[in-house]
Amino acid sequence: MSDSLSYRSAFGNWEQRASVRTGPRRTIDSNEKVIYFPPELVPISSHPLVTARQDGTETRLLTRRLYQYLHFTSELEALAVMPVAQLISRGVAGIDLPANMREDAFKIVTDEAWHAQFSYDLLRQVETQSGLPAGEIGDPSFLSRLSKIGQRMDPSLRGLQDLLFCVVSETLISAILTNLPQDDRLPDGVRELVQDHALDEGKHHAYFRDFLKYFWHALSKSERRAVGPYVPELVYAFLEPDYAMFEQGLLAEGFTPEEARQIVTESYPRATVRADVAQAGKPVTRYLTELGAMDDGRTHAAFTEHKLLMG
């Protein structure tokens, strides 16, 4: 096996470090602060139509943003990551992998089930503490975005988008995982839970970075050319703001549909969104460039069109 396909496990201390093995249940203290999400990461909370109310709408939108994030996490793990990790662990992903990669995939399934569970648990705790019901949050937008991408792919390639989306979601570290654990304005239970998640995801990032190499080498040249141009769309499916979910939260606060659309549109200028996605998407762009994916003209053009490949 070539050096480019060597695998060094990051899970050697999993029994001693994984949050599912050693971490306590994270709880919300009844005497803690009541700001649940950094306002800097919730542009709609500072929109003039919101701040003009002066009735607690801003604070409630921050709480709703935490609900949305925790729900997104549960759905992402259960519907996007765990199914792929289960295929890998069972040896039925269609890729020849070392035995220790299969073994580590079992650990990822266990980790992700725990992440989904503790996210749901914390959401229910915050509901009780804040007195603000989460209500019906609905499906995260990545599900419909991913489905539409799959429908456009050649039937012979369908299913590959799920593998690639899993790689994308596991190798891109969000601003939430980076920033929330350091923000002492938030309740300790929120910060600690996100920190638990971030530490586990560091190992998952290393795993799926290596998995991408095996996956890419397993594709034929024509398959690489066919799926490469879809990767930018998968990056956006994961990283682009969930506009519909934000509008839903604004509607729950009594804004009209027109006001909700205005607030979301003005809070997320297209140029800003593209710049943020490009910045957060750099690891995937770099990994695929290292694998030679950008040597294909259509793939290179797709990354350039989506502003993910600059210069």
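- Both Leu157 and Val168 are part of a single hydrophobic cluster, where members link through side-chain heavy atoms under 4.5 Å apart.
- Few gaps surround OH on Tyr287; more than 12 heavy atoms of other groups in view lie less than 6.0 Å from it.
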For this session: Begin from the C-alpha positions of Leu160 and Leu219 and carry the test side-chain contact (heavy atoms from CB on, under 4.5 Å) through to its verdict.
Result: CA-CA 10 Å; Leu160 295 184; Leu219 298 176; 4.0 Å; yes

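- Using modelled atom types and a 3.5 Å distance limit, the side chains of Glu112 and His115 yield a donor-acceptor pair.
- The minimum heavy-atom distance linking Ala260 with Leu250 is given by the pair O-CD1, 3.7 Å.
- Counting non-hydrogen atoms of other residues, nucleotides and ligands closer than 6.0 Å to CD of Glu258 gives a total above 12.
- In this structure, the side chains of Thr51 and His47 stay at 4.5 Å or more apart for every pair of heavy atoms.
- Under 4.0 Å is where a charged nitrogen must lie from a carboxylate oxygen, and between Arg270 and Glu240 at least one such pair does.
- With respect to Arg224 and Asp296, no salt bridge is recorded, no charged nitrogen being found less than 4.0 Å from a carboxylate O.
- In terms of modelled atom types and a separation under 3.5 Å, the side chain of Glu15 and the main chain of Asn13 share no donor-acceptor contact.
- The closest side-chain heavy-atom distance from Arg26 to Gln125 is not below 4.5 Å.
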For this session: Could you give me the CA-CA distance, side-chain angles and deciding distance for Asp154 and Val227, then say whether side-chain contact (heavy atoms from CB on, under 4.5 Å) is met?
Result: CA-CA 9 Å; Asp154 186 275; Val227 302; over 6 Å; no

For this session: For side-chain contact (heavy atoms from CB on, under 4.5 Å), just list the numbers for Val20 and Phe118, CA-CA rounded to whole Å, side-chain angles, deciding distance to a tenth of an Å, and then say yes or no.
Result: CA-CA 10 Å; Val20 68; Phe118 70 35; over 6 Å; no

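- No side-chain heavy atom of Leu239 sits less than 4.5 Å from a side-chain heavy atom of Asp276.
- Contact between Ala278 and Lys307 at its shortest, heavy atoms only, is CB-O, 3.2 Å.
- In this structure, a donor-acceptor pair under 3.5 Å is absent between the side chains of Trp114 and Asp196.
- More than 12 heavy-atom neighbours from other residues, nucleotides or ligands sit within 6.0 angstrom of CZ on Arg158.
- Not a single donor-acceptor pair under 3.5 Å links the side chain of Thr299 to the backbone N or O of Asp295.
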Problem set entry | Derivation and outcome, side chain to side chain donor-acceptor pair (under 3.5 Å), residues Asp104 and Trp14 | CA-CA 9 Å; Asp104 286 348; Trp14 183 79; over 6 Å; no

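- In the hydrophobic clustering (ILVMFWY side chains linked at under 4.5 Å, chained through shared members), Leu87 is joined by Val92.
- The heavy-atom pair separating Ile108 from Ala85 by the smallest distance is CG2-CB, 4.0 Å.
- Side-chain N/O atoms of Glu77 and Thr73 include no donor and acceptor closer than 3.5 Å.
- Using a 4.5 Å heavy-atom threshold, the side chains of Leu132 and Glu127 count as separate.
- The closest donor-acceptor contact from the side chain of Glu170 to the backbone of Ala206 lies at 3.5 Å or more, if one exists at all.
- Without hydrogens or angle criteria, Ser147 side chain to Leu143 main chain gives no donor-acceptor distance under 3.5 Å.
- Between Arg185 and Asp183 there is a salt bridge, since at least one side-chain N of the basic residue sits less than 4.0 Å from a carboxylate O of the acidic one.
- Here the side chains of Gln151 and Ile149 are not in contact, with every heavy-atom distance at 4.5 Å or above.
- Distance alone, capped at 3.5 Å, is enough to place a donor-acceptor pair between the Arg60 side chain and the Asp55 backbone.
- Judged purely by atom type and a 3.5 angstrom limit, Arg298 uses its side chain to pair as donor or acceptor with the backbone of Arg225.
- Aromatic rings from Tyr7 and Phe211 are positioned such that their centres are separated by 6.0 Å or more.
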For this session: Would you sort out whether His205 and Glu201 count as a side chain to side chain donor-acceptor pair (under 3.5 Å), showing the intermediate values?
Result: CA-CA 6 Å; His205 176 116; Glu201 290 301 331; over 6 Å; no

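- Under the 3.5 Å distance criterion, with hydrogens and angles disregarded, no donor-acceptor pair is assigned to the side chains of Arg261 and Thr265.
- In Arg17, the CZ atom is not crowded: 12 or fewer heavy atoms of neighbouring residues, nucleotides or ligands sit closer than 6.0 Å.
- A donor-acceptor pair is defined here as one N or O able to donate and one able to accept, closer than 3.5 Å; no such pair exists between the side chain of Gln129 and the backbone of Val126.
- At least one side-chain heavy atom of Tyr236 sits under 4.5 Å from a side-chain heavy atom of Arg274.
- Tyr243 and Tyr69 fall within a single hydrophobic cluster, where Ile, Leu, Val, Met, Phe, Trp and Tyr are joined by side-chain heavy atoms under 4.5 Å apart, directly or via other members.
- Salt bridge Lys148/Glu233: absent, no basic N to carboxylate O contact under 4.0 Å.
- Judged purely by atom type and a 3.5 angstrom limit, Ser119 has no side-chain atom pairing as donor or acceptor with the backbone of Ala116.
- There is no path of hydrophobic side-chain contacts, each under 4.5 Å, that joins Ile95 to Val109.
- Tyr207 and Met82 are not part of a single hydrophobic cluster, where members link through side-chain heavy atoms under 4.5 Å apart.
- For the 3.5 Å distance criterion, the side chains of Ser19 and Asp200 qualify, holding a donor opposite an acceptor.
- Looking at Leu76 and Phe165, their side chains come closer than 4.5 Å, going by heavy atoms from C-beta outward.
- Ile35 and Leu41 fall within a single hydrophobic cluster, where Ile, Leu, Val, Met, Phe, Trp and Tyr side chains are chained together by heavy-atom contacts under 4.5 Å.
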Exercise. Which is it for Asp162 and Leu146 under the side-chain contact (heavy atoms from CB on, under 4.5 Å) test, yes or no, and what are the steps along the way?
Worked result: CA-CA 8 Å; Asp162 295 330; Leu146 188 55; 3.6 Å; yes

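- Here the closest heavy-atom approach between residue Val81 and residue Ser169 is recorded as CG2-OG, 3.9 Å.
- For Tyr67 and Tyr36, the distance between ring centers is not under 6.0 angstrom.
- Ser267 contributes no side-chain N or O that, together with a main-chain N or O of Val264, makes up a donor-acceptor pair within less than 3.5 Å.
- In this structure, the side chain of Tyr230 engages the main chain of Arg152 through a donor-acceptor pair within 3.5 Å.
- What you find for Pro140 and Met245 is that their closest heavy atoms are CA-CE, 3.8 Å.
- Listed here is the closest heavy atom pair of Pro283 and Leu172: CD-CD2, 3.7 Å.
- Applying the ring-ring contact (aromatic ring centres under 6.0 Å, His included) test between Phe246 and each of Phe255, Phe72, Tyr268 identifies Tyr268 as the sole match.
- Counting heavy atoms from C-beta on, the side chains of Leu193 and Leu70 come closer than 4.5 Å.
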